[in-house]
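Quick one: the structure is below, questions incoming.
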Amino acid sequence: MSTPAAAAQRRPGDWRRTHTCGALRLSDAGATVTLNGWVHARRDHGGIYFVDLRDRYGLTQVVLDEKLASSVRFSAEYVLSVTGTVKARDAQNRNAERATGEIEVVAARVEVLSASPNPPFEVSDDIDTALETRLRYRWLDLRRPLLQKNLLHRSRFINAIRRSFERQGFAEIETPILTKATPEGARDYLVPARVHPGKFYALPQSPQIFKQLLMVAGMDRYFQVARCFRDEDLRADRQPEFTQLDMEMSFVEEEDVFACWERVLSETFAECMGLQIKTPFKRLHYDEAQQRYGSDKPDTRFGLELKALDAWARQCEFNVFKSVTAQAGGRVMGISVPADLAAQISRKDLDTELTDHAKSFGAKGLAWWRPAADGGAGPLAKFAAGEQGLALRAALGAKDGDLCLFAAGPQAQVLRVLGELRNLLGRKFGLAKASGIAWDFLWVTGFPMFLRNEENGRWESAHHPFTAPADWNFRADDDAALGKLESRAYDLVMNGWELGSGSIRIHREEVQQRVFGLLGIGPDEQREKFGFLLEALAHGAPPHGGFAVGLDRLTALTAGLDNIREITAFPKTASAADLMCQAPSRVADAQLAEVHVARAGKGLEEGA
Ligand code: ASP
């Protein structure tokens, strides 16, 4: 825009812009310019009219005299073309907060390019419009500078990641959207096939199998900005369709995948945020993450680590704890909140906020202790006097004035309760922020291979069924060993958020068959569902592994947002609906017949 050649080609009365609404500066004073944009605000100053014209790049103040103002009618959100002269503003009228705040454009010609009725809400970052209204009129919502900034951040971030993968020799390859189910643990979205009556495509939960086939095909290094679809019950921070940066590489082990991503993320943070992040990232084994932080995605910027108190509990006088240690898998653990924070936790906080939080994660109550020489205070005090108290302090690493919190019961529940209490206290006291570490990355490794489904007693994959076991020769008939078998899956955690997961894969047909078998997928089902993969694995598959990062979460967090909706152009609601285009929507019987689908059940009648 505004090159001399472009200026020379302009016809008189040309409505097209010479500059954007964020471009003009004091050095442009005297120039004749044309701006295009939306009417952001309009002020009448007794015979002189000021209009703030807005586009993606900024706001420029336009001045209209009375004659011009009375010759055109427009109001908020009209689209105008304004031609005029750039004028330096008087010193007292300069607006230091606006990039264009030193000038204004004195209009000579105003043309209405597009009209608008009164908009459903004002295009402003300061107003608090109901979410449903914002989503219903998303095209208007997206005119807000903050949302535009978010989308631009996302665009820059994803493009920087792309470039980094290209520099590392990765090929960007698209995989099908109309495909066959790839299990990632969610329900599939199904699409009926018109030309194959009774058959359905599934939308990909991830490109997992295709990217592995690309490795078998010898493509060596693949990546894709991949749309994935998972039909799950939504939580506030999930969307039924989302975007992953999906990648896979051949002839590698874990450390090669880690090094690749450490480079991608450090290059991207440097390019998009001007930040040097520390590489290599920390590594933490899954078991250690659970035992120290009660989570497989801990925020490691602050302490409050969990402490094992089983030995103390076994010999203590407090029967509740003692009896738990006698049960198989029973644990007693605690955390010690340092005195300076403990002093800010009242008895009421303990009995309500903290206890309720513990209960919401399955605890029956919350035992606590404020250690002191005389045994201290709290339900644990009478069991923690003298030698007993010293031993308990030592196990907790606690001092006088600290507040110790306890959980007892089955291990998984104890870890969860204390892990969540730790998170709550971290949030309550802003501990992560106080650490001064803005971006904390962590690889969590050594996840279990299989988890037992308590309801039906079956083994399930902890990651997905294509993940390699740490031991290729694992025995499928040894339940105790299977429960302890490690997988070669890993997660990347940033500031306590799971950014992505991946694994070294099974590249041997026989191992893949053994894993499927263990998951209850018999030979016939294997052939029917995954025959093409097994066949490929039998024909020269290289060892390979990969990873996928959730781009919605990564770009939201780096833009300082805690909800991915704010960085998704057209998000869905918590019930997976698009309020703007009213999807999902009913279809006519004729259209259903075409795809060989019949209505069944109540409430499914046409037009109901
Ligand atoms: N396909 C996995 C996922 O979507 C990621 C991976 O294993 O690479 O979570």
Side-chain angles (χ1 to χ4, degrees), residues 161 165 170 172-177 179-189 202-216 219-232 235 237-250 252-261 264-265 286 296-297 443-451 460-470 486-494 497-507 512 515 519 530 533 537 541-554 564:
I161 292 179
F165 273 109
F170 283 76
E172 182 167 6
I173 303 172
E174 288 154 282
T175 53
I177 294 293
T179 176
K180 194 162 167 156
T182 291
E184 293 277 358
R187 252 178 244 111
D188 289 318
Y189 278 100
L203 302 184
Q205 291 188 33
S206 87
Q208 184 62 35
I209 296 183
F210 286 103
K211 67 175 172 175
Q212 291 191 236
L213 295 177
L214 287 169
M215 296 303 103
V216 180
M219 286 311 299
D220 201 63
R221 290 181 161 216
Y222 139 96
F223 83 101
Q224 179 179 199
V225 178
R227 199 56 84 82
C228 304
F229 306 84
R230 296 183 191 176
D231 188 359
E232 299 178 281
R235 295 196 307 254
D237 59 344
R238 286 242 178 117
Q239 286 283 320
E241 52 179 303
F242 59 94
T243 314
Q244 283 188 344
L245 196 305
D246 191 54
M247 55 82 79
E248 195 77 9
M249 51 208 299
S250 291
V252 294
E253 300 214 324
E254 287 83 340
E255 286 297 328
D256 304 291
V257 180
F258 296 174
C260 166
W261 273 97
V264 167
L265 289 169
Y286 169 83
D296 58 5
K297 45 177 181 343
W443 291 107
V444 179
T445 62
F447 280 83
M449 180 76 184
F450 301 112
L451 297 175
E460 289 176 353
S461 297
H463 186 40
H464 53 51
F466 316 107
T467 296
E486 273 184 24
S487 74
R488 296 184 67 186
Y490 34 80
D491 275 3
L492 180 60
V493 176
M494 183 177 83
W497 293 90
E498 180 198 316
L499 268 195
S501 35
S503 59
I504 298 300
R505 322 297 184 186
I506 298 169
H507 68 283
Q512 187 65 76
V515 168
L519 299 172
F530 303 110
L533 170 69
L537 292 182
H544 60 285
F547 197 66
V549 157
L551 287 176
D552 309 284
R553 165 84 45 232
L554 176 63
I564 60 175

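As the structure is a computational prediction, the values presented were derived from the model and not from experiment. We count ligands from 1, going down the list as the structure has it; atoms in each ligand are counted the same way. This chain uses plain numbering: 1 for the first residue, then up along the sequence.
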Using every non-hydrogen atom in the two residues, find where Val252 and Gly545 come nearest and quote the distance to one decimal.
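Val252 and Gly545 have their closest heavy atoms at CG2-N, 3.8 Å.
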Sequence neighbours left out, what passes salt bridge (charged side-chain N to carboxylate O under 4.0 Å, His left out) with Glu486? Give chain and number order.
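Expected list: none.
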SB check Glu241 Arg227 (cutoff 4.0 Å):
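Salt bridge present between Glu241 and Arg227.
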Sub-3.5 Å donor-acceptor pair from the side chain of Tyr222 to the main-chain atoms of Met247, do we have one?
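No, because the side chain of Tyr222 does not come within donor-acceptor range (under 3.5 Å) of the backbone of Met247.
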Protein residues that have a heavy atom under 4.0 Å from any atom of ligand 1, sorted by chain and number:
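Residues Glu184, Ser206, Gln208, Lys211, Arg230, Gln244, His463, His464, Ser501, Gly502, Arg505, Gly546, Phe547, Ala548 each place a heavy atom under 4.0 Å from ligand 1, listed by chain and number.
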Is it true that Trp443 and Phe547 have ring centroids separated by less than 6.0 Å?
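For Trp443 and Phe547, the ring centres are under 6.0 Å apart.
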Using only heavy-atom distances, determine whether the side chains of Thr445 and Glu254 contain a donor-acceptor pair under 3.5 Å.
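No, no side-chain donor-acceptor contact under 3.5 Å.
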